[in-house]
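Sequence lines set the chain letters: A, B, ... in the order given, protein chains first and strands last, and positions in each chain run from 1. Only a predicted model underlies this, so the values are computations on that prediction, with no experimental measurement involved.
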Amino acid sequence: MSDVMIEAQGLTKRYDGVLAIDRVSMEVRRGEVLGFLGPNGAGKSTTMKILTCFTSPSEGSAKVNGCDITTDSIGVRRSIGYLPESTALYQDMLVLEYLEYAAEIRGLAGADVRKRVKVVVDETGLGDVIGKQIRALSKGYRQRVGLAQALIHEPPILILDEPMSGLDPNQAVEIRDLIKDIGRQRTVILSTHNLTEVQIACNRVLIISKGRIVADDTPEGLRDRAGKSRCVVNVLGKDSALALACEQTFAALSGIERVRKLEDAGDGELSFEIIPKTDEDLRPLLFKTAVDKGYTLVGLRREGQNLEQVFRELTTGSDKPSTDARDPRDTRDKAAA
Amino acid sequence: MNRTLTIAKREFRGYFNGPVAYIVVCLFLLVMGMFFWSPFFIANRATVRGMFDLMAFLLLPTAPALTMGLLAEEKRTGTIEILLTMPVRDTEVILGKYLAAFGLLAVLMLCTLAYPLSVSSLGHLDWGPALSGYGALLLEGGAMLAIGVLASSWTDNQLVAFFTSAVICFAFLFMSRFLLFLPPGVASIVEWLSFDYHFDDMARGVIDTRNVIYFLSVIGFSLALAFRSLESRRWS
């Protein structure tokens with residue numbers, strides 16, 4: 001058996017003439033937890049629906065666990081556990097009933113059903129709600145039932161569409177840890193637009209934008225790609241003479257690539273963005289310089305470029321260099337929006 | 001086959017988890033009770049012939065009500081996504097759902113056995129036509145359920161599914177009453193296509209394989225179309 005669990009080539013899907021995904025190709029190996037990252041409507045769900053044989057591609061082909069999605073769709077579906085974005089479960093069933101049903105339809109019978117149900121209930125922590133109706137469960141528990149359902153037949157591959165969306169932060173962390181656990185023994189593809197989740201849970205990231213894959217890397221690799229960390233210095237003062245002096249002083253220091261004055265926020269502080277030549281921490285040097293020159297230093301921080309910035313650059317199609325950064329405040333605003 | 005039964009079992013239980021089955025069964029029996037006895041005593045004959053016409057008519061709202069949610073509701077809530085990404089064939093899904101509805105129809109028929117039983121206690125009931133009448137009813141009801149499954153596969157709205165299948169069933173039930181207005185050649189075709197034409201003989205106690213085959217064909221044809229419609233999601 002080869003180590004490539006999922007292999008897609010040139011997957012294209014058109015809905016009524018609209019291109020949902022455009023020549024998506026990828027390879028996922030055994031044991032990888034692949035984060036599928038992209039803004040809403042980028043084509044994450046469409047790709048997943050194709051890989052799970054819910055829908056067919058307009059063009060292209062894919063193999064899942066060695067089975068072709070068009071000629072052996074039953075084989076594909078046997079190899080996967082799938083949690084759709086909606087996590088739609090039969091509301092009127094009890095958790096136990098539902099899991100037994102999922103097990104039976106997956107071809108388990110008799111004692112095997114009970115055994116597997118017990119295992120997944122333990123694995124996903126559903127013990128307390130096993131006798132409840134699904135409609136009575138919280139979103140977090142429903143998500144667990146969805147995961148339990150996907151795990152019941154011990155599939156080698158799990159495909160999870162936005163498993164952490166709509167959960168409160170605690171639930172999201174629990175589900176994320178659960179997925180991380182599960183991912184130790186299986187190949188997992190999970191889609192999300194939450195970058196923190198990807199950084200923590202995944203060991204590889206695919207970024208998809210407007211139906212195309214725009215990046216394929218490890219979370220660390222993506223961060224490196226974004227460039228070096230930068231320092232932001234805040235100095236008390238308003239007048240432009242001081243601003244100019246500061247800028248020149250900092251620029252004259254060794255190991256500095258570029259200094260830029262950030263827009264005045266009107267709070268009586270001057271802010272500068274300082275980009276180092278290497279990834280070395282400039283803060284001690286900047287601090288000493290400011291003290292020597294008699295600047296009233298009120299802020300000094302070092303920021304790594306995070307995935308968020310990379311993500312936005314890759315998915316909004318801007319090709320400006322990443323160091324041409326925005327004011328940190330405005331970054332935060334956009335992130336919050 | 002196992003998977004078909006698993007789906008059927010879940011769907012059948014689902015009827016009783018919600019109010020649908022109770023409402024449908026109760027209303028059906030209530031209306032039957034209201035309309036069965038008065039003509040029975042007027043005619044003063046130990047027969048259940050009238051019961052089958054009445055039940056065939058009552059199936060018109062009943063069958064669509066039983067089938068309307070089978071696929072439409074799964075599409076609306078999205079549960080269909082998990083169902084169809086499990087290793088089941090589309091045919092098994094359609095067949096399983098159909099069997100569940102048919103099972104409920106059978107339960108309903110069992111409940112109505114009270115009528116021939118009480119009639120036979122009042123006088124001598126000829127069980128032959130009674131049983132063949134039940135057979136006819138199961139076939140006609142089965143055909144209506146298959147049409148209902150088909151309508152349910154077309155939409156994600158239960159109400160739309162209900163009315164679509166009710167209209168189609170209505171047409172099949174009553175088109176033989178409009179033959180007068182049709183040119184003779186067309187009239188005979190329409191008459192042959194109607195449910196009544198095949199139902200009446202059997203309800204009278206005459207079992208003709210042609211009639212059985214007619215209803216089985218309607219069932220097969222409708223379910224095949226439903227299968228096609230379910231499959232079409234892949235290419236849309």
Side-chain angles (χ1 to χ4, degrees), chain A residues 13-16 20 45 48-58 64 67 69-70 72-94 97-98 100-109 113 133-135 145-147 149-150 152-153 155 159 161, chain B residues 1-23 66 68-97 99-100 104 153 156 158 227-236:
Chain A
K13 178 79 179 173
R14 272 180 227 97
Y15 289 111
D16 300 327
S45 292
M48 292 186 150
K49 280 180 187 164
I50 290 175
L51 292 177
T52 53
C53 299
F54 183 70
T55 179
S56 302
S58 312
V64 177
C67 307
I69 53 164
T70 35
D72 186 10
S73 107
I74 294 281
V76 171
R77 290 185 269 166
R78 258 191 249 282
S79 322
I80 55 158
Y82 175 47
L83 177 69
E85 191 177 359
S86 55
T87 324
L89 310 167
Y90 295 117
Q91 300 283 320
D92 56 355
M93 289 179 104
L94 306 181
E97 268 178 357
Y98 184 73
E100 283 175 350
Y101 158 76
E104 279 169 30
I105 216 166
R106 293 281 189 185
L108 298 172
V113 173
Q133 251 194 355
I134 290 176
R135 79 168 81 244
V145 178
L147 270 177
Q149 162 280 127
I152 196 108
H153 54 301
I159 297 184
D161 200 353
Chain B
M1 198 60 212
N2 260 335
R3 292 180 294 232
T4 310
L5 289 180
T6 305
I7 293 173
K9 203 172 78 185
R10 196 213 79 77
E11 219 53 66
F12 188 74
R13 266 205 223 160
Y15 280 129
F16 294 96
N17 284 344
V20 179
Y22 298 103
I23 294 177
L66 290 181
M68 63 182 180
L70 287 178
L71 287 156
E73 189 62 7
E74 293 237 16
K75 282 199 251 177
R76 189 186 64 81
T77 58
T79 48
I80 198 157
E81 226 179 298
I82 290 186
L83 177 62
L84 293 182
T85 51
M86 284 174 161
V88 290
R89 287 170 214 290
D90 290 359
T91 41
E92 292 169 331
V93 172
I94 298 282
L95 215 56
K97 301 219 165 228
L99 281 182
L104 198 73
S153 76
D156 56 7
Q158 293 201 51
F227 164 72
R228 277 281 159 216
S229 146
L230 189 65
E231 203 189 27
S232 72
R233 78 182 182 282
R234 294 180 197 274
W235 314 108
S236 65

Closest approach of A/Ser86 and B/Gly78, non-hydrogen atoms and distance? OG-O, 4.3 Å
Report the distance from atom CD of B/Glu231 to atom OG of A/Ser56, rounding to the nearest 0.5 Å. 8.5 Å
If every non-hydrogen atom of A/Ile105 is compared with every non-hydrogen atom of B/Arg3, which pair is closest and at what distance? O-CD, 3.6 Å
Test item: A/Arg106 and B/Thr6 side chains (from C-beta on) under 4.5 Å apart, heavy atoms: no
For A/Ile80 and B/Thr85, the nearest pair of non-hydrogen atoms, with its separation, is CD1-O, 4.3 Å
Part of A/Thr52 within contact of chain B (heavy atom distance under 4.5 Å): both
Non-hydrogen atoms of chain A under 4.5 Å away: do they reach the side chain of B/Ile80, the backbone, both or neither? both
Reported NZ-to-CD distance for the pair B/Lys9 and A/Glu104, which is rounded to 0.5 angstrom: 4.0 Å
Step by step, work out the side chain to side chain contact (heavy atoms under 4.5 Å, CB included) result for B/Met86 and A/His153. CA-CA 11 Å; B/Met86 284 174 161; A/His153 54 301; over 6 Å; no
Between B/Glu74 and A/Tyr90, is any pair of side-chain heavy atoms under 4.5 Å apart? yes
One thing to verify: whether A/Glu97 and B/Arg13 come together as a salt bridge, which I'm taking to mean a side-chain N less than 4.0 angstrom from a carboxylate O. yes
Of all the heavy-atom pairs spanning A/Ala88 and B/Thr77, show the shortest one and how long it is. CB-O, 2.9 Å
Among B/Asn17, B/Ile7, B/Thr79, which residue has the highest count of heavy-atom pairs closer than 4.5 Å to chain A? B/Thr79
Cut-off 4.5 Å, heavy atoms of chain A, and the answer for B/Glu73 is neither
Could you tell me which portion of A/Ala109 (side chain, backbone, both or neither) has an atom closer than 4.5 angstrom to a non-hydrogen atom of chain B? neither
Any B/Glu81 side-chain heavy atom under 4.5 Å of A/Lys49 side chain: yes
Kindly give the heavy-atom pair with the smallest separation between A/Cys53 and B/Arg233, and that separation in Å. O-NH2, 4.1 Å
Relative to chain B, which segment of A/Gln91 carries a heavy atom at a distance below 4.5 Å: side chain, backbone, both, or neither? neither
Can you see which heavy atom on A/Arg77 is nearest to which on B/Leu84, and at what distance? NH1-O, 2.8 Å
